[in-house]
Amino acid sequence: MDEALVKQRFHDIEENYKIIKNNIAEAAIKGGRKPEDIRFMAVTKTVDSLYINHALSLGIDLIGENRVQEFLSKRDELNLNGVEKHLIGHLQTNKVRQIVGEVDMIDGVDSVKVAKEIGKVSQKKGIITDVLVEVNIGGEESKFGLDPARLNETVCEMSEIEGIKIKGLMAIPPICTNEEENRKFFSNMYTMFLDIKAKKIDNVSMSILSMGMSDDYASAILEGSTMVRVGSSLFGRRVY
Ligand SMILES: *Cc1c(COP(=O)(O)O)cnc(C)c1O
């Protein structure tokens with residue numbers, strides 16, 4: 001390993017971290033909220049443990065991985081003391097068994113089927129798994145997530161499942177949209193979030209609204225996001 005390159009990348013991560021923290025705080029204040037009310041999730045997929053640990057040493061206390069296998073193979077190398085771990089993005093039903101109990105939250109629960117499987121495995125393990133429900137805010141353009149038009153009834157149906165607790169919503173806007181369109185999606189999400197919260201459904205707490213990634217986290221915060229998921233702006237562009 002080239003030491004100079006590692007040092008350079010450590011330095012870049014430090015600078016990026018400061019910039020993102022600053023942008024989050026600014027957007028929060030602009031939106032009439034407190035900077036500490038917005039959680040900053042570092043999305044660590046494809047990133048080497050060496051660099052993830054460097055980010056953790058700066059004060060990151062929440063990470064997100066979107067592949068079960070990758071998370072399980074990396075985590076022993078990570079300094080995860082006091083760090084919250086989430087599985088983000090689409091989860092296949094046949095992977096549920098491996099991940100339940102290994103992370104603090106499963107974000108991106110996008111079907112009743114997968115929610116039931118998480119509940120079943122959690123009950124077997126004697127735990128309750130916190131989950132976020134993923135909404136397909138862009139309609140059919142993006143692949144995963146629940147239909148917004150049926151969100152209320154689907155959340156109600158999921159709230160009956162034992163072994164899980166719904167903590168909020170997560171959304172990924174469609175890929176090919178501009179900032180203004182994204183803001184509209186985010187604002188629609190916030191409305192849905194408030195609507196469901198107001199219904200005070202048993203077993204549903206609606207305290208987290210996870211939206212905003214590297215390119216649009218500031219807009220997401222302005223529209224009510226409580227958790228942003230930032231990968232490439234922190235660690236650099238991903239190389240697969
Ligand atoms: C990869 C990923 C992110 C982070 O994306 P960036 O644009 O790199 O910040 C956020 N959320 C999910 C679900 C992801 O898979």
Side-chain angles (χ1 to χ4, degrees), residues 9 12-13 15-24 27 38-49 51-52 54-56 58 60-72 74-75 83-92 95-96 99 103-111 114-115 118 130-138 141-146 167-179 181-183 185-186 189 193 208-240:
R9 191 145 179 220
D12 290 346
I13 292 170
E15 291 302 306
N16 294 341
Y17 176 73
K18 279 187 231 160
I19 293 168
I20 297 163
K21 285 288 274 190
N22 233 358
N23 290 343
I24 290 175
I38 317 293
R39 301 275 325 260
F40 172 7
M41 173 192 283
V43 176
T44 52
K45 65 185 180 207
T46 77
V47 179
D48 268 5
S49 306
Y51 300 112
I52 301 174
H54 191 66
L56 294 174
L58 304 174
I60 296 275
D61 61 0
L62 171 62
I63 63 165
E65 276 278 343
N66 71 343
R67 292 187 189 90
V68 170
Q69 222 47 59
E70 185 182 338
F71 171 69
L72 295 177
K74 274 199 303 209
R75 67 164 167 191
V83 176
E84 206 179 307
K85 311 163 292 287
H86 290 202
L87 188 82
I88 58 174
H90 180 67
L91 172 63
Q92 287 167 276
K95 298 269 171 67
V96 167
I99 198 69
V103 287
D104 299 292
M105 202 177 292
I106 298 181
D107 308 6
V109 170
D110 58 6
S111 68
V114 82
I118 295 169
D130 288 339
V131 303
L132 299 182
V133 170
E134 183 176 342
V135 184
N136 180 359
I137 33 175
E141 285 172 68
S142 76
K143 246 166 61 191
F144 300 113
L146 298 173
K167 293 286 192 176
L169 304 179
M170 162 181 167
I172 311 177
I175 302 160
C176 301
T177 50
N178 61 38
E179 183 158 351
E181 287 169 316
N182 271 359
R183 279 195 71 154
F185 286 126
F186 291 145
M189 273 301 298
F193 177 73
I208 300 172
L209 178 57
S210 171
M211 58 184 192
M213 316 202 294
S214 284
D215 292 334
D216 54 19
Y217 62 88
S219 321
I221 292 169
L222 287 171
E223 298 298 344
S225 169
T226 72
M227 181 181 281
V228 294
R229 310 181 305 268
V230 181
S232 44
S233 283
L234 178 63
F235 292 110
R237 216 162 59 84
R238 282 181 292 276
V239 274
Y240 285 95

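Atoms within a ligand are numbered from 1 in the order they appear, just like the ligands themselves. For reference, positions follow the sequence shown, starting with 1.
Residue-ligand proximity, Ile88 to ligand 1, at heavy-atom distances under 4.0 Å covers atoms 11 (N), 12 (C), 13 (C), 14 (C). Short contacts between ligand 1 and Val230, defined as distances under 4.0 Å to a heavy atom of the residue, involve ligand atoms 9 (O).
The shortest N or O to N or O distance between Gly231 and ligand 1 is under 3.5 Å. Between Ser233 and ligand 1, no N or O atom pair is found at a separation short of 3.5 Å. Distances between N or O atoms of Lys45 and those of ligand 1 include at least one value under 3.5 Å.
For residues 225-236, there are no salt bridge (charged side-chain N to carboxylate O under 4.0 Å, His left out) pairs, not counting sequence neighbours.
Lys95 is linked by a side-chain contact (heavy atoms from CB on, under 4.5 Å) to Val68, Leu91, Gln92, Gln98, counting only residues two or more places apart in sequence or in another chain.
Of the candidates Glu134, Arg237, Arg229, Arg67, the one placing a heavy atom closest to atom 4 (C) of ligand 1 is Arg229.
Considering CD1 of Ile13 and CZ of Phe235, their distance stands at 5.5 Å, rounded to 0.5 Å.
The part of Met170 lying near ligand 1 is the side chain, judged by heavy-atom distances below 4.0 Å.
Side-chain contact between Leu56 and Ile63 is present, with at least one heavy-atom pair separated by less than 4.5 Å.
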side-chain contact (heavy atoms from CB on, under 4.5 Å) assessment of Arg39 paired with Glu84: CA-CA 11 Å; Arg39 301 275 325 260; Glu84 206 179 307; 2.9 Å; yes
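Between Glu65 and Lys74, at least one side-chain N (NZ, or NE/NH1/NH2) sits under 4.0 Å from a carboxylate O, which counts as a salt bridge.
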